[in-house]
Asks: 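This is the structure, below, for whatever I ask next.
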Amino acid sequence: MESEIRVRFAPSPTGYLHVGSLRTALYNYLYARKVKGKFILRIEDTDQARYVEGAVENLIETLNQVGLEYDEGPDIGGNYGPYFQSQRTEIYGKYADELIEKDAAYFCFCTSEDLEIMREEQIAKGEDTRYDGRCRKLSKEQVQENLDQGKPYVIRAKIPKEGEIVFFDIVREKVSIMWETVDDQVLIKSDGFPTYHLANVIDDHLMKITHVIRGEEWLSSVPKHLFLYNAFGWKPPKMCHLPLLLNPDKSKLSKRQGDVAVEDFLKKGYLPEALLNFVALLGWHSKSDKELYSLEELEKEFSLKRINKSGSVFDIEKLNWMNGHYLRELESGYVAIKARPFFIKAGFDINDNEKYLKIIEVVRNRISTLSEITKVAAPFYETIKYSEEDKQIINNENSQRLFSFWLKNIQVLDIITEENINRLLKQSTDELGIKGKDLYFPLRLALFGSVHGPELPVIFDVLGKEEVLGRLSKMLD
RNA sequence: GUCCCGUUCGUCUAGUGGACUAGGACUCAGGAUUUUCAUUCCUGCAACAGGGGUUCGAUUCCCCUACGGGAUACCA
């Protein structure tokens, strides 16, 4: 089992699942499934200041809703737990000590005020703002003395001052960075918690992670991480940095310019199938021109090698189209289930399941998100309100003759079939001399409240004889 | 500012030196189907950031410039 591929999705619980994170989670998931490896969820909650109540539950809930199942994680356990970093502080402390022993890290007693002053001086001199390493020079005795006095401290990485580090990223290929541009990163904060950089390296190693697949914003941190792997004598995982998701103005996708929370998309009536498919295409493309994929198909097709390098704009127009596509193509029973909350919220009585399913079938190809569905279905549930323009058509002499004719002829019918309707349509033309728009528009207006809309037999079928009669007779007032 | 990464139609992208009059998808425009609308189908508009090389030949390789983004925290 040494060769088993293990990847992880490691979000910090700051409130909700971001669509960019969804894409990262998806790629991790897909790669794991593709190579029959393991997909792990780990919560990076080392920042106590950013703790958000309920964020983890929310994150897990959203992941469940879109169907991204993980093999190990905080709520389901696994052999490499705990999966909350906040529950692993002792582990990090131990390894930090090891780093000190190996002279790969050092105690730093600078206060945030000290740092602030240092930074201002550097800016004034036009220098780069980096920790100047003053605490590196502290002797063992001085350090011990400070420690004994109970002075607050952090532990910093003792990053090399010269030379260059070259590493290979699956997406970026060769990347090289000069050590002198890398800061002496804080590893253990003064509250005793580790920073992301330390925790992530230790956990990835302990959890036997083989591939780190994450956003591009981490690319410049890789040297810090590689430094740690090297100091510990560990083999680093393969790196794979994903191109960023962008706002329409090409800046990093943010809340300010629209929805970014997956739960909000779900609430608005985007289907998991569409969300996943759409997001999969942001940065990845199969060899073929195929763009419509189910999760299962993606699991077979996906490959890290075909991830591209440049950031992608999150184009809501295409998402809308894709969502509409799934609304039309997926099994109608499934769409009916997904649509149910929207009908309930609109106050529509959907207890008549047969009618409800018929309506779903009618309206689902007229919308791109479920949030629009009740508006389209409303004429089937509510009393129709007419505009002045509508009333003109309704009160038109021909229209009135038409309504009387249909009322009379439908009353005598046992059941309304499509044949019946077509026959009456023909009779309307033959006997009343009404045809074309003069025929269809008034009828659709009477029964559906709009001159445009579904085919007449469909409307009759959904409404049923009694309701059709009721609506027709209302026209004669 | 510094470091790193990137740059093909408006957007998502195909393309790894000749098969490119640069292909697909979304959007948009036109048409067909339909009593209407929606769906569906067809057609069209639209791009290799710029400049130097390398080469018989560059979208493809190298360099420079421009532009964009990311990172520069005791946040992740």
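Naming convention: chains lettered A, B, ... in sequence-line order (proteins, then strands); numbering from 1 in each chain.
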Asks: Would you indicate which nucleotide in B/C74, B/A25, B/G69 comes nearest to any side-chain atom of A/Lys252?
Replies: B/G69
Asks: Where the side chain of A/Asp315 is defined as all heavy atoms beyond and including C-beta, which of B/G10, B/G24, B/C74 is the nearest nucleotide?
Replies: B/G10
Asks: Work out how far the P atom of B/G53 is from that of B/A58, and round it to whole angstrom.
Replies: 11 Å
Asks: Is it the case that the side chain of A/Asn146 and the backbone of A/Leu138 share a donor-acceptor pair, with hydrogens and angles ignored and the cut-off at 3.5 Å?
Replies: no
Asks: Just checking A/Gly453: base, sugar-phosphate only, or nothing, at a heavy-atom cut-off of under 4.0 Å?
Replies: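 Base contact - A/Gly453 has a heavy atom under 4.0 Å of at least one base atom.
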Asks: Indicate, with a heavy-atom threshold strictly under 4.0 Å, whether A/Arg306 touches base, sugar-phosphate, or nothing.
Replies: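 A/Arg306: backbone/sugar contact only, no base atoms under 4.0 Å.
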Asks: Considering only the P atoms, how many Å lie between B/A66 and B/U59, rounded to the nearest integer?
Replies: 23 Å
Asks: Considering every strand and a 4.0 Å limit on heavy-atom distances, what is the contact class for A/Val186: base, sugar-phosphate, or nothing?
Replies: sugar-phosphate
Asks: Taking NZ in A/Lys161 as the centre, count heavy atoms belonging to other residues, nucleotides or ligands within less than 6.0 Å. Is the count above 12?
Replies: yes
Asks: A cation-pi test, strictly: NZ or CZ of A/Lys355 under 6.0 Å from the centre of the six-membered ring of A/Tyr381 and no more than 45 degrees from its axis. Yes or no?
Replies: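 Flagged: A/Lys355 positioned over aromatic ring of A/Tyr381.
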Asks: Need the pair for B/A66. Rule: Watson-Crick or G-U wobble, both distances under 3.5 Å, any strand; none if unpaired.
Replies: B/U7
Asks: Taking the side chain as C-beta and beyond, is there a heavy-atom pair between A/Glu263 and A/Asn58 under 4.5 Å?
Replies: yes
Asks: B/A14, OP1 or OP2 - any side-chain N/O from A/Lys290 closer than 4.0 Å?
Replies: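 For B/A14, neither OP1 nor OP2 has a side-chain N or O of A/Lys290 closer than 4.0 Å.
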Asks: So what does A/Thr46 hit on the nucleic acid, given a heavy-atom distance under 4.0 Å: a base, only sugar-phosphate, or nothing?
Replies: sugar-phosphate
Asks: Name the pairing partner of B/U36, where a pair is Watson-Crick or G-U wobble with both distances under 3.5 Å, or state none.
Replies: none
Asks: Would you indicate what A/Asp45 reaches in the nucleic acid, counting non-hydrogen atoms under 4.0 angstrom: base, sugar-phosphate, or nothing?
Replies: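 The residue A/Asp45 makes no contact with any strand.
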Asks: Return the pairing partner of B/U72 with a 3.5 Å limit on both distances, Watson-Crick or G-U wobble; otherwise return none.
Replies: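 Because both required distances fall under 3.5 Å, B/U72 counts as paired with B/G1.
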Asks: Under a 3.5 Å cut-off for both distances, is B/C41 Watson-Crick or wobble paired, and to whom?
Replies: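 Check on B/C41: paired to B/G31, both distances under 3.5 Å.
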Asks: With rounding to whole Å, what would you report as the distance between B/U40 and B/G50 at their P atoms?
Replies: 37 Å
Asks: Quickly work out the A/Trp284 CH2 to B/A25 P distance and round it to whole Å.
Replies: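 Roughly 17 Å, once rounded to whole Å.
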Asks: Just the rounded figure in Å: distance from P of B/A71 to NE2 of A/His197.
Replies: 11 Å
Asks: Which of parallel (below 30°), tilted (30 to 60°) and perpendicular (above 60°) describes A/Phe343 and A/Tyr356?
Replies: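 Judged by the thresholds at 30° and 60°, the geometry between A/Phe343 and A/Tyr356 is perpendicular.
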Asks: Using a cut-off of strictly less than 4.0 Å between a heavy atom of the residue and any atom of RNA chain B, enumerate the qualifying residues of residues 438-450 of chain A by number.
Replies: A/Tyr440, A/Phe441, A/Arg444
Asks: Rounding to the closest angstrom, what is the interatomic distance between B/U60 and B/C9 at atom P?
Replies: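 Their P atoms lie roughly 14 Å apart.
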Asks: For A/Glu127, answer base if it contacts any base atom (sugar-phosphate contacts may also be present), sugar-phosphate if it contacts only those atoms, and nothing otherwise; contact means non-hydrogen atoms under 4.0 Å.
Replies: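 If one applies the 4.0 Å heavy-atom cut-off, A/Glu127 turns out to touch nothing in the nucleic acid.
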Asks: Please state how far atom NE2 in A/His225 lies from atom P in B/U72, giving the value in whole angstrom units.
Replies: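 Rounded to whole Å, this separation is 10 Å.
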Asks: Does the side chain of A/Pro379 come within less than 4.5 Å of A/Ser450's, by heavy atoms?
Replies: no
Asks: Centre-to-centre under 6.0 Å for A/Phe314 and A/Phe265, is that the case here?
Replies: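 Aromatic pair counts; centres sit under 6.0 Å.
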Asks: Determine all donor-acceptor pairs shorter than 3.5 Å in which one atom belongs to a side chain in residues 432-445 of chain A; sequence neighbours excluded.
Replies:
{"residue": "A/Arg444", "atom": "NE", "partner": "A/Pro454", "partner atom": "O", "Å": "3.0"}
{"residue": "A/Arg444", "atom": "NH1", "partner": "A/Val451", "partner atom": "O", "Å": "2.8"}

Asks: For the residue pair A/Ser303 and A/Trp284, confirm or rule out a side-chain donor-acceptor distance under 3.5 Å.
Replies: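 No, A/Trp284 and A/Ser303 have no side-chain donor paired with an acceptor closer than 3.5 Å.
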Asks: Output one line per pair: protein atom, nucleotide atom from nucleotides 39-43 of chain B, and distance, for all N/O pairs under 3.5 Å.
Replies:
{"residue": "B/U40", "atom": "OP1", "partner": "A/Arg328", "partner atom": "NH1", "Å": "3.1"}

Asks: Mapping A/Arg156 and A/Leu244 onto RNA chain B by nearest heavy atom, which one lands closer to the 5' end?
Replies: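 Nearer the 5' end of the strand: A/Leu244.
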Asks: Among B/C12, B/A76, B/A14, find the nucleotide with the atom closest to the side chain of A/Lys189.
Replies: B/A76
Asks: Can you tell me the distance, in whole Å, between the CG atom of A/Asp183 and the C1' atom of B/C74?
Replies: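 So the two atoms are 12 Å apart, to the nearest Å.
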Asks: Ring centres of A/Phe193 and A/Tyr92 under 6.0 Å apart?
Replies: no
Asks: With heavy atoms under 4.0 Å as the rule, sort A/Gly324 into base, sugar-phosphate or nothing.
Replies: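 No contact.
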Asks: Taking atom P in both B/U7 and B/C62, compute the distance separating them and give it to the nearest angstrom.
Replies: 12 Å
Asks: Quick one: salt bridge (Lys or Arg N to Asp or Glu O under 4.0 Å) pairs with a partner in residues 162-172 of chain A, sequence neighbours left out?
Replies: A/Arg172-A/Glu216
Asks: Using the C1' atom as the reference point in each nucleotide, state the distance between B/C41 and B/A25 in Å, no decimals.
Replies: 16 Å
Asks: Does the ring center of A/His211 lie less than 6.0 Å from the ring center of A/Tyr31?
Replies: yes
Asks: Side-chain N or O of A/Lys125 less than 4.0 angstrom from OP1 or OP2 on B/U2?
Replies: no
Asks: Describe, in one word, how the ring planes of A/Trp179 and A/Phe227 are oriented to each other, choosing from parallel (under 30°), tilted (30 to 60°) and perpendicular (over 60°).
Replies: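 Correct class here is perpendicular.
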Asks: Atom CH2 of A/Trp218 to atom P of B/C75: distance rounded to whole Å?
Replies: 11 Å
Asks: For A/Lys305 and B/A14, give me the distance from atom NZ to atom P, rounded to whole Å.
Replies: 16 Å
Asks: Strictly under 3.5 Å: I want the nitrogen or oxygen pairs between protein and nucleotides 62-67 of chain B, one per line.
Replies:
none

Asks: Kindly compute the distance separating CG (A/Leu357) from OG (A/Ser332), expressed to the nearest 0.5 Å.
Replies: 6.0 Å
Asks: Considering only atom C1', compute the distance from B/U13 to B/A47 and round it to an integer number of Å.
Replies: 12 Å
Asks: Mind calculating the distance between CG (A/Leu292) and C1' (B/C12) to the nearest angstrom?
Replies: 13 Å
Asks: Students often get this wrong, so: under 4.0 angstrom with heavy atoms, is A/Ser312 touching a base, only sugar-phosphate, or nothing?
Replies: sugar-phosphate
Asks: Touch check for A/Val154, heavy atoms < 4.0 angstrom, all strands: base, sugar-phosphate only, or nothing?
Replies: base
Asks: Pick out the pairs of N or O atoms, protein on one side and nucleotides 3-8 of chain B on the other, that lie under 3.5 Å.
Replies:
{"residue": "B/C5", "atom": "O2'", "partner": "A/Arg172", "partner atom": "NH1", "Å": "2.7"}
{"residue": "B/C5", "atom": "O2'", "partner": "A/Glu216", "partner atom": "OE2", "Å": "2.9"}

Asks: Whole-Å distance between B/A25 P and A/Lys318 NZ?
Replies: 9 Å
Asks: Between A/Tyr106 and A/Tyr131, what is the ring plane arrangement, given parallel below 30°, perpendicular above 60°, and tilted in between?
Replies: parallel
Asks: For A/Tyr27, is the NZ or CZ atom of A/Arg23 found under 6.0 angstrom from the centre of its six-membered ring and inside 45 degrees of the ring axis?
Replies: yes
Asks: Determine the minimum heavy-atom distance between A/Tyr16 and A/Ala261, stating which atoms define it.
Replies: CD1-CB, 3.3 Å
Asks: So do A/Ile43 and A/Tyr83 actually touch side chain to side chain, heavy atoms under 4.5 Å?
Replies: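 With C-beta onward as the side chain, the pair stays apart.
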Asks: Say you pick atom P in B/G6 and the same atom in B/C64; how far apart are they, in whole Å?
Replies: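 Taking atom P in both B/G6 and B/C64, they lie 13 Å apart.
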Asks: For A/Glu317, answer base if it contacts any base atom (sugar-phosphate contacts may also be present), sugar-phosphate if it contacts only those atoms, and nothing otherwise; contact means non-hydrogen atoms under 4.0 Å.
Replies: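 Result for A/Glu317 = sugar-phosphate.
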Asks: So, does A/Arg130 get its side chain near the phosphate of B/U72, meaning an N or O under 4.0 Å from OP1 or OP2?
Replies: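 No, because none of the side-chain N or O atoms of A/Arg130 sits under 4.0 Å from OP1 or OP2 of B/U72.
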